[in-house]
Every structure is written in structure tokens, then in C-alpha cells.
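Here is the structure we will look at.
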Amino acid sequence: MAASKEEFLWGAASAAYQVEGAWDADGKGLSKWDVYTNRYHGTEAVIGKQETGNVAINAYSRDQYLKDIAMMREAGLNAYRFSLSWPRILPEGVGRVNQPGLDYYNRLVDDLIASDIKPVVTLYHWDFPWVLHEKGGFHNRDVIGWFREYAGVVFGAFGDRVDKFITMNEPYVDVFFMDLVADNIVGRRPPFWFTAEQYGRQVPALHNLFLASAAAVSDYRAAGHTGMIGIAIPLSPTIPADPNNPADVAAARTWEAFHDRWSLDAPTRGSYADEVLATLTKLNPRFSVSDADLALLQASRVDFLGVNFYAPSYVRHSADRPLGAEPGINPDELKAHNGPVRPEALHRLLLRIRDEYDNLPIFITENGAGFGDRDEVMVDGVVKDPLRTDYIARHIDAVLKARSEGADVRGYFAWCPFDNFEWFRGYETRFGLIHVDFATQKRTPKQSLFAYRDIVAANA
Ligand code: BGC
């Protein structure tokens with residue numbers, strides 16, 4: 001078993017925009033999600049009605065979050081991963097600090113520690129400051145400096161009590177999915193149809209985000225902090241839809257370079273593999289990576305990898321998709337929201353990181369599922385969710401198996417403790433271990449919470 005002096009983290013994870021609400025309280029600035037939801041009615045194109053994170057699950061209220069922390073504590077969790085809202089701390093993205101925003105997170109950090117729950121802080125989980133978005137957002141290389149400035153404020157304020165930071169959550173999904181859906185909605189096009197041209201435009205943006213993350217990593221160390229800093233990336237190992245069809249096999253390989261390998265290599269090896277560069281320049285012939293950029297990436301490699309795993313990706317060849325690859329096929333009869341249920345793919349992935357990435361320390365920073373109403377049945381004050389319960393148990397088994405085989409996994413965070421605002425899918429798509437009645441804010445435990453509690457107790 002991989003040696004780790006620290007206790008294994010058993011936690012759950014959330015993101016500011018999905019839980020906090022209080023979108024305009026106490027001097028907070030606007031994030032792009034405030035605008036996507038309120039001005040562009042982003043969820044309407046996807047679920048047929050307008051929903052926003054304006055209230056969400058009210059986690060900005062201390063009364064509320066103290067009760068929520070108590071529920072997590074009762075379930076035996078020893079860690080909570082949450083994100084900070086950048087525009088709550090810096091309303092204009094840079095410059096003026098909003099003290100009430102910092103105060104909120106300061107209290108939250110203290111309250112978690114007082115409950116023996118380790119705070120694991122994500123600096124950025126998609127709620128980018130709107131003012132900076134209007135200045136070109138990630139397309140503007142100034143994002144490197146903007147993010148450094150914000151990260152410096154965060155490290156200065158919380159670095160004394162928080163020793164695990166995650167610079168960014170799933171930059172790939174932010175850039176190649178969420179922003180493109182938003183772009184389509186604003187342009188009144190079908191939300192989920194992306195063109196090669198759109199993809200091409202986004203390529204330098206994701207590169208800029210990796211540079212911004214790397215710059216923050218090196219600033220963290222230069223400031224003398226001794227905790228660990230990493231990044232959370234979405235990993236969906238590819239499987240050819242038809243393994244006997246060479247076109248599907250090739251499409252799966254290309255998709256792997258684009259979706260997984262790029263996000264794995266840039267922050268951990270500080271490199272761009274030939275097949276990654278070949279894929280990216282197919283999308284954007286002008287894209288290149290300078291020696292200076294590579295030097296920055298290499299000098300600022302992460303201490304750990306946050307693995308967000310939901311499902312592998314079945315890929316088939318499709319001539320009218322960018323890169324000729326169509327991901328997102330789900331052969332399961334009983335479909336989970338985020339793809340086919342294959343815990344063995346998580347096990348394989350962890351061994352791959354063990355073998356190909358120098359056995360880098362790993363935290364499973366997200367893993368979870370939802371299956372819709374059929375798996376959310378209220379019986380005697382508990383929500384029965386046998387499918388989610390089974391999903392969580394089997395994925396934890398896969399993680400512990402990989403750990404027993406030497407993968408340096410140091411923690412597992414279920415996504416998510418409470419049902420919350422599921423981005424363009426609004427409130428209908430539930431992933432929580434604890435049910436939330438969004439009209440009353442009433443919390444009701446689910447069967448999966450009790451099952452997770454028992455697993456944690458058995459492995460403590
Ligand atoms: C994101 C979460 C999201 C979850 C479930 C992840 O990709 O990081 O914010 O709620 O998936 O869809």
C-alpha cells in the first residue's frame with residue numbers, strides 16, 4: 001500500500017455557484033454564471049425553464065451551512081472540498097478586495113476546522129468574474145496575471161489554515177463545454193452541437209488556463225507555503241464504440257489525446273505530447289506552445305492530481321463532428337446522468353496514473369451519480385436511492401483496490417453532499433447524498449449517505 005503519513009480523506013465536494021446563492025450579497029461582483037442564468041436564461045434552452053443559482057441551497061447563510069456541516073460530520077466525513085467565488089472576493093476580478101466575501105470564507109474555514117473537517121479549497125470552479133469575461137476571459141493571456149493576483153489574495157488569507165489547494169476545476173469542461181453551450185444559447189443555436197471552428201477557437205483559451213494554474217502553483221511555493229497544491233481534471237478513459245472498427249478505434253485515440261491526455265500532461269509533466277499537439281493543431285493550425293510556456297509549465301508541476309471521474313467515454317467515428325469523434329454514447333439501459341457506470345474504468349485509470357505518471361499522489365476530487373426520479377424515492381423520512389448507493393460503493397471498491405495495488409490515492413470526495421444547482425440542467429438533476437427540497441431548503445438524508453457513512457466507518 002502506498003505510504004501516506006496523513007489520514008485518508010473521506011469527503012464530499014461542492015462548488016460555490018452551485019450551493020451559495022446570495023449572488024449579489026455584501027458587495028459580490030457578477031460571475032459569468034450569474035449572467036448566463038439571469039440575463040440569458042441559460043437553463044431554458046436545456047430544461048425548458050429558467051433557473052438560477054441566485055438562492056441555490058443557501059450555503060452563504062452561516063445558520064444553514066453550520067447545520068450542513070453537522071450532517072457531514074455525523075456521516076463521519078473528515079474533509080470537505082468547496083470552491084471560492086472569485087467575484088465574491090474580488091468583485092472586479094482584480095484590484096479591490098471585498099472584505100465581507102473574505103470574511104465569509106474565513107468563518108467557513110474556521111467552522112469546518114472546529115468540526116474536525118479538513119477544508120480542501122478550489123480557487124476556481126467556473127464562476128469567472130464577468131468583468132474579466134468581457135475583456136476576453138481565457139482568450140486574453142492577461143488571465144494569467146488576473147488569476148495570479150486572485151490566487152495571491154486567497155493564499156494570503158487562508159494559507160495558514162488550509163493545506164490543500166486546487167487551482168481550478170475541470171478547465172477542459174469550462175472551456176470546451178460550458179462556455180460553448182453558453183455561446184450557442186446566446187447565438188440561438190442548438191445548445192449541444194459544437195463545430196470544429198468553435199473548438200479551434202477554444203484551444204488557446206485552455207492553454208492559457210493551464211498557464212494561469214501553473215503560475216499560481218509557483219507563486220504558492222514562492223510564498224513559502226508548505227501545503228499541497230493541485231488541479232482537478234475530468235478524466236473519461238475512452239473506449240471505441242466498436243472495438244473491431246478501426247475508424248472507431250482511431251476516433252477514440254484522438255478523443256483521448258484531446259480530452260484526457262492534454263489535461264493530464266500539461267499540469268503534471270509540463271509537456272504537450274506529439275499526439276496532443278497534432279490534435280490541437282488540426283483544430284487550430286495557428287496554435288503553438290512556446291518554449292517559455294513549456295518552461296513555466298515544467299517549473300510549476302502540481303503536487304497532486306485531483307481526479308474527477310464519473311464514467312468512461314464510448315467514442316465512435318463521425319465525419320460531421322470535430323476531430324471526427326463522437327463521444328458521449330451510453331449503451332446502458334439504466335442511464336446515469338453523467339455516462340455509463342463502469343467502476344473498472346476508474347480502477348484502470350488509477351493504475352495508469354501509477355504507471356505512467358510517476359505514481360503522482362491522487363485525490364478523487366469528484367465521483368458520483370444520479371439516475372433521475374426513479375432513484376429518488378422518499379420512504380419514511382429517507383430517500384431511497386439504491387442505484388446511487390450501488391454506484392458509490394462500487395467506485396470506492398475500485399479506488400481501494402487500486403490503492404492496495406500501489407496507486408498513491410490519498411482521498412475520496414463524493415460529488416456531492418447536497419443536491420444543488422446542476423449548471424444548465426438546473427435543479428432537476430440530482431447528485432446529492434442528501435436530498436434538498438429547494439422550495440423550503442429542507443434536507444433529508446438519502447440511503448447513499450448512510451451507505452457512505454458505513455464505508456467510511458469500516459475503513460477509518
Ligand atoms: C462538475 C460539477 C458537476 C458534476 C456533475 C462535474 O463535471 O465539476 O460541478 O456538478 O460534474 O455533473
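Here the structure is a predicted model, which means the values were calculated and not measured. Numbers here are sequence positions counted from 1. Numbering of ligands and ligand atoms starts at 1, following listing order.
By the criterion of a heavy-atom distance under 4.0 Å, the side chain of R425, and not its backbone, is placed next to ligand 1.
Among the atoms of E422, some N or O lies under 3.5 angstrom from an N or O of ligand 1.
Every atom of ligand 1 with a heavy atom of Y310 under 4.0 Å away is listed here by number and element: 4 (C), 5 (C), 6 (C), 11 (O). Atoms of ligand 1 found under 4.0 Å from any heavy atom of N338, numbered from 1 in the order shown, are 5 (C), 11 (O), 12 (O). Ligand 1 places these atoms under 4.0 Å from at least one heavy atom of N169: 8 (O). The ligand atoms of ligand 1 that sit less than 4.0 angstrom from a heavy atom of E170 are 1 (C), 6 (C), 7 (O), 8 (O).
For atom 6 (C) of ligand 1, the nearest non-hydrogen atom of the protein is E366 OE1, 3.0 Å.
Y150 and W86 have parallel rings, their planes meeting at less than 30° on a 0 to 90° scale where 60° marks the start of perpendicular. Taking the six-membered ring for Trp and thresholds of 30 and 60 degrees, Y412 and W10 have ring planes inclined between 30 and 60 degrees apart. In this structure, Y272 and F287 have tilted ring planes: the angle between them lies in the 30° to 60° band.
Donor-acceptor pairing under 3.5 Å is recorded for the side chains of N367 and Y391.
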Passes side-chain hydrogen bond (donor to acceptor under 3.5 Å, both in side chains), N106 versus R161? Steps please. CA-CA 10 Å; N106 249 318; R161 284 153 296 154; 2.6 Å; yes
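Taking the six-membered ring for Trp, F258 and Y199 have ring centres closer than 6.0 Å.
Not a single heavy atom of H337 sits closer than 4.0 Å to an atom of ligand 1.
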